[in-house]
Structures are given as C-alpha cells and as structure tokens.
*Asks:* 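Starting off with a structure, shown below.
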Amino acid sequence: MYRKQWALSCYLQPASIGRPATMGRRRLLLCLVISMHQVVLIGTVVAAGGRPPAMYVFGSSILDVGNNNYLPGPAADKANYPYNGIDFPGSIPTGRFSNGFNIADYVAKNMGFTCSPPAYLSLAPTSSSGGPLVHAALTNGVNYASGGAGILDSTNAGNTIPLSKQVEHFGATKAKMAAAAGTHAVNALLSRSVFLLGIGNNDMYAFAAAELVAPRNRSAADQRRDAAVLYANLLSNYSATVTGLYSMGVRKLAIVNVWLVGCVPGVRAFSPVGACSDTLNQLAAGFDDALRSQLAGLAPRLPGLVYSLGDAFGFTRDAVADPRALGYTDVAAACCGSGRAPCLPNSTLCADRDRHLFWDRAHPSQRTAFLMAQAFYDGPAKYTTPINFMQMAQSK
C-alpha cells in the first residue's frame, strides 16, 4: 500500500512549480501508457515531449528517493517519517531527505519527467527477468542513490549503498534489460538517456570527523598530505565510476559537485557563534576544483561522452552571501529540528519552509532543490561547465 501510494503521488500529480497544464496532461498520458505496459507507445510520447528516454540516478541523500527505506538496521539514515515529505503531494514521507521533492526530482522535471525515477530497492525484483525493475528501467529509469553514501566504500560502511555498489546494481539492471529487450535496443536507449551523479558530501564529513580524533600535534604539512591522499582516492574512484558507466553505454552525464558542506546547520552547531567551517569548505572547494580538472581531461579520452558539471558549491556560496537575492530569510538554521538533531515527528518546524536554504541539519529545502536544479538546467552560465544540463540532454 505504501509503495502504491508513493507512485500515485509522484506520477499522477500535476507538476508543482511553473509547469503549464498541458505538461501535466502529457505526463498523465505517459503514466497511463506505462500502466498499460504498452512500451511501444512510450517512444511516441517521448518524441512529442522531447525528453530523454530515461534517467538514471546515482549519489547520496540529496538524490535518494527512498532506497534507504529498505536498508536493515537502525544505523542507516532514513527519512520515511514526518516531517519529511510535508510538502510532497499528499504530505507523504517517501524517504526523501526533504520537505518535498529533491534535486533528483527537479532535474527530472526539467528534463520532461514527472519526478525522479523510482528507487531501485522499491522495485524489489523477484525473478531473473526483473519484472517491475526492468519495466521501470526501460520506460523512465531507476534511482540508485542512497543516503549516507560516499565515493569511497569506507564512508558510512555497512549503513548505506556506496557508489561502487550503486554502479554494480545498474550493471545488473542493464543485463536484465538486455535480456528483455535486446542488447542493441538497450544500448541505443542508454546512449540517449541522462545519468545524474551527485556524491561526495559524506566523504568530506567522514574525513573531517577523522581529523577531529587525530593526534593534536600533527603539523599543517601532515594535514595537507592527508587531504591530498583523500583527493587522490576520491578522484580515482570517480574516474573508475565514469569510465565504468561509459563502458556500459552511458554517453550523457549530469554531475553535481560537493556543495558548501561547512555551512550546513549540522556543522554550524559545533561553532559557539554558529559560524561556517572554513576548513570544511576549503576541503570541498579543493575537491571540486580537482574534479573539474579531472572531467575536462577524461572526457576527450571517451569518444561520444557529453557531460555537464553543476556547481552546487557556487550556488550555495552565493545563497549564503546574498540570501535576499534568492528570496531566503534564513540560510543558517534548519527548518526542521536543530542543527544537532535530525528532523523528527516531534521536532520544531519553521513557519515558512520556502524561505529556508536548509530543510534539516544537512539537506536543502525543496525550494533550494528547485532553484539549484533550475540553475543547472538553463540558468546562469557560471553554475555549469562546459555546458548546462539542457544542452547536455539535447546533445546528439
């Protein structure tokens, strides 16, 4: 019942912000076509709407739409309880770490979908053919993102689905897709589909936490050396992810870098005056610079690969520097809960959620997700490189 209710809320509701009624009707038609399992008709709807044939999502909690709901044990971060989802259609806590939709949803909306594709674990494949998983993968895509996940397998190990495992899950999905629809057809579909990747925040938090318990007599040179080792490990795994996806037929990548992790409410709570952590922000900025350089060098060696790198760090830095320009009244506090505690059913809730940059101690509000996705899709050029998400999606 829970799964069915989530699907109805996500796929049959009209688009929420700035979308014309005709778009809502087209999406409703798409949903009806999918429900009748008439896959042949999907291509007709896609061609009329100009959207990619599918979207596949990899990353952490900023993109997770419910995979963590299915992880065992209390240590895995979950968001399938109020006040999470209070602004989602039907006020349903779906497992998104948000008061409503998240970045994956709004990137998908901009691409022409109703919302993010469904969570991989929610599709619960029960046979070798894949059943619901294969059907979703062939018609809309799949979301593999997991709250707490890192680029490194060691980040929150045992309590999340790390990036490497997410890619493994996609590989297994592709094999089932090929068995159902043929290798040639699946490769053609994947080459025109959009792959969204946003991860790295948790690796920064894990590194910072380890540094806090390190010996106090370590020199600045030691700390710089540790950061250099971290970057090398992160970039090695990132490169392996991109090349691995490329080898499976991926040609269109939308990537979101690490945002202003030193200014989230959970980090500010450790400061007596509620200040940002410059050290953590510098760590993130250094990684983002290295990632930008790595992608620029890697893409020419992968013929046909088109990518767009969205600057979440720059967007949140600008929001914190000039809140009023984006309509914010609070860019420091969590809307739900305190900086030290997660958003819970008994938490204090802010009065105007759209005026807060942050939803909880570590995640953007729904409005922030909307604005960020909009900036990456066709917003100011400073927020994407070398092209924006729209240009990447529409590339031939």
Side-chain angles (χ1 to χ4, degrees), residues 56-79 95 97 103-104 119-122 125 133 142-175 195-214 223 225-248 250 253-259 261 264 266 280 283-284 286-288 290-291 294-295 298 307 309 312 362-363:
Y56 305 87
V57 183
F58 305 82
S60 61
S61 53
I62 62 170
L63 303 178
D64 186 358
V65 296
N67 278 308
N68 275 27
N69 296 350
Y70 299 86
L71 296 183
D77 285 340
K78 296 180 174 69
F97 294 80
I103 294 172
Y120 170 73
L121 293 181
S122 75
L133 171 63
V142 181
N143 186 318
Y144 300 90
S146 173
I151 301 168
L152 303 179
D153 287 357
S154 58
T155 298
N156 296 321
N159 300 314
T160 185
I161 309 170
L163 180 59
S164 63
K165 191 66 176 178
Q166 293 176 33
V167 175
E168 283 184 29
H169 286 326
F170 170 70
T173 302
K174 184 191 174 185
F195 286 72
L196 175 63
L197 173 60
I199 196 164
N201 294 2
N202 294 310
D203 299 286
M204 302 296 137
Y205 297 136
F207 178 82
E211 288 292 290
L212 287 175
V213 298
Q223 295 174 26
R225 185 164 51 251
D226 288 348
V229 171
L230 173 69
Y231 290 162
N233 291 334
L234 292 174
L235 293 171
S236 175
N237 283 20
Y238 221 109
S239 177
T241 296
V242 172
T243 54
L245 289 172
Y246 179 85
S247 71
M248 287 187 275
V250 175
L253 271 176
I255 299 173
V256 179
N257 70 6
V258 176
W259 71 339
V261 289
V264 301
L280 200 48
L283 185 71
F287 170 71
D288 289 341
L291 177 62
Q294 182 192 63
L295 291 170
L298 186 60
Y307 77 92
L309 177 61
H363 302 100

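Heads up: numbering here begins at 1 and tracks the sequence.
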*Asks:* Using 0.5 Å steps for rounding, measure from the OH atom of Y144 to the NE2 atom of H169.
*Replies:*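 Result: 9.0 Å between the selected atoms.
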
*Asks:* Rounded to the nearest 0.5 Å, how far apart are CG of N67 and CD1 of I161?
*Replies:*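 Rounded to the nearest 0.5 Å, the CG-CD1 separation comes out at 4.5 Å.
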
*Asks:* Would you indicate whether the side-chain heavy atoms of Y205 and L280 approach each other to under 4.5 Å?
*Replies:*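 The answer is yes; the side chains approach within 4.5 Å.
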
*Asks:* So, using side-chain hydrogen bond (donor to acceptor under 3.5 Å, both in side chains) as the criterion, who are the partners of N201 when residues are at least two apart?
*Replies:*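 In terms of side-chain hydrogen bond (donor to acceptor under 3.5 Å, both in side chains), with neighbours along the sequence ignored, N201 is linked to no residue.
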
*Asks:* For residues 156-165, pull every pair meeting side-chain hydrogen bond (donor to acceptor under 3.5 Å, both in side chains), keeping only residues two or more places apart or in separate chains.
*Replies:*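 Listed by first then second residue: S146-T160, D153-S164, K165-E168.
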
*Asks:* Restricting to ring-ring contact (aromatic ring centres under 6.0 Å, His included), what partner residues turn up for F287, sequence neighbours left out?
*Replies:*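 Listed in chain order: nothing, the list is empty.
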
*Asks:* Just wondering, do V261 and W259 contact through their side chains at under 4.5 Å, heavy atoms?
*Replies:*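 Yes, their side chains come closer than 4.5 Å.
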
*Asks:* Among V242, L295, L309, exactly one meets side chain to side chain contact (heavy atoms under 4.5 Å, CB included) together with L253. Which residue is that?
*Replies:*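 Output: one option passes, namely V242.
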
*Asks:* Kindly write out the residues that satisfy side-chain hydrogen bond (donor to acceptor under 3.5 Å, both in side chains) with K78, not counting sequence neighbours, or none if the list is empty.
*Replies:*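 K78 satisfies side-chain hydrogen bond (donor to acceptor under 3.5 Å, both in side chains) with no residue once adjacent residues are dropped.
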
*Asks:* Excluding sequence neighbours, so at least two apart, what forms side-chain hydrogen bond (donor to acceptor under 3.5 Å, both in side chains) with N143?
*Replies:*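 N143 satisfies side-chain hydrogen bond (donor to acceptor under 3.5 Å, both in side chains) with S116 once adjacent residues are dropped.
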
*Asks:* Suppose we screen for side-chain contact (heavy atoms from CB on, under 4.5 Å). Which residues come up paired with S61, at least two apart in sequence or across chains?
*Replies:*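 In terms of side-chain contact (heavy atoms from CB on, under 4.5 Å), with neighbours along the sequence ignored, S61 is linked to F97, H363.
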
*Asks:* So do L121 and L71 actually touch side chain to side chain, heavy atoms under 4.5 Å?
*Replies:*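 Counting from C-beta outward, L71 and L121 do come under 4.5 Å.
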
*Asks:* Report the residues that fulfil ring-ring contact (aromatic ring centres under 6.0 Å, His included) with Y307, sequence neighbours left out, ordered by chain and then residue number.
*Replies:*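 Y307 satisfies ring-ring contact (aromatic ring centres under 6.0 Å, His included) with no residue once adjacent residues are dropped.
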
*Asks:* How would you list all residue pairs meeting side-chain hydrogen bond (donor to acceptor under 3.5 Å, both in side chains) that involve residues 237-247, not counting sequence neighbours?
*Replies:*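 Listed by first then second residue: nothing to list.
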
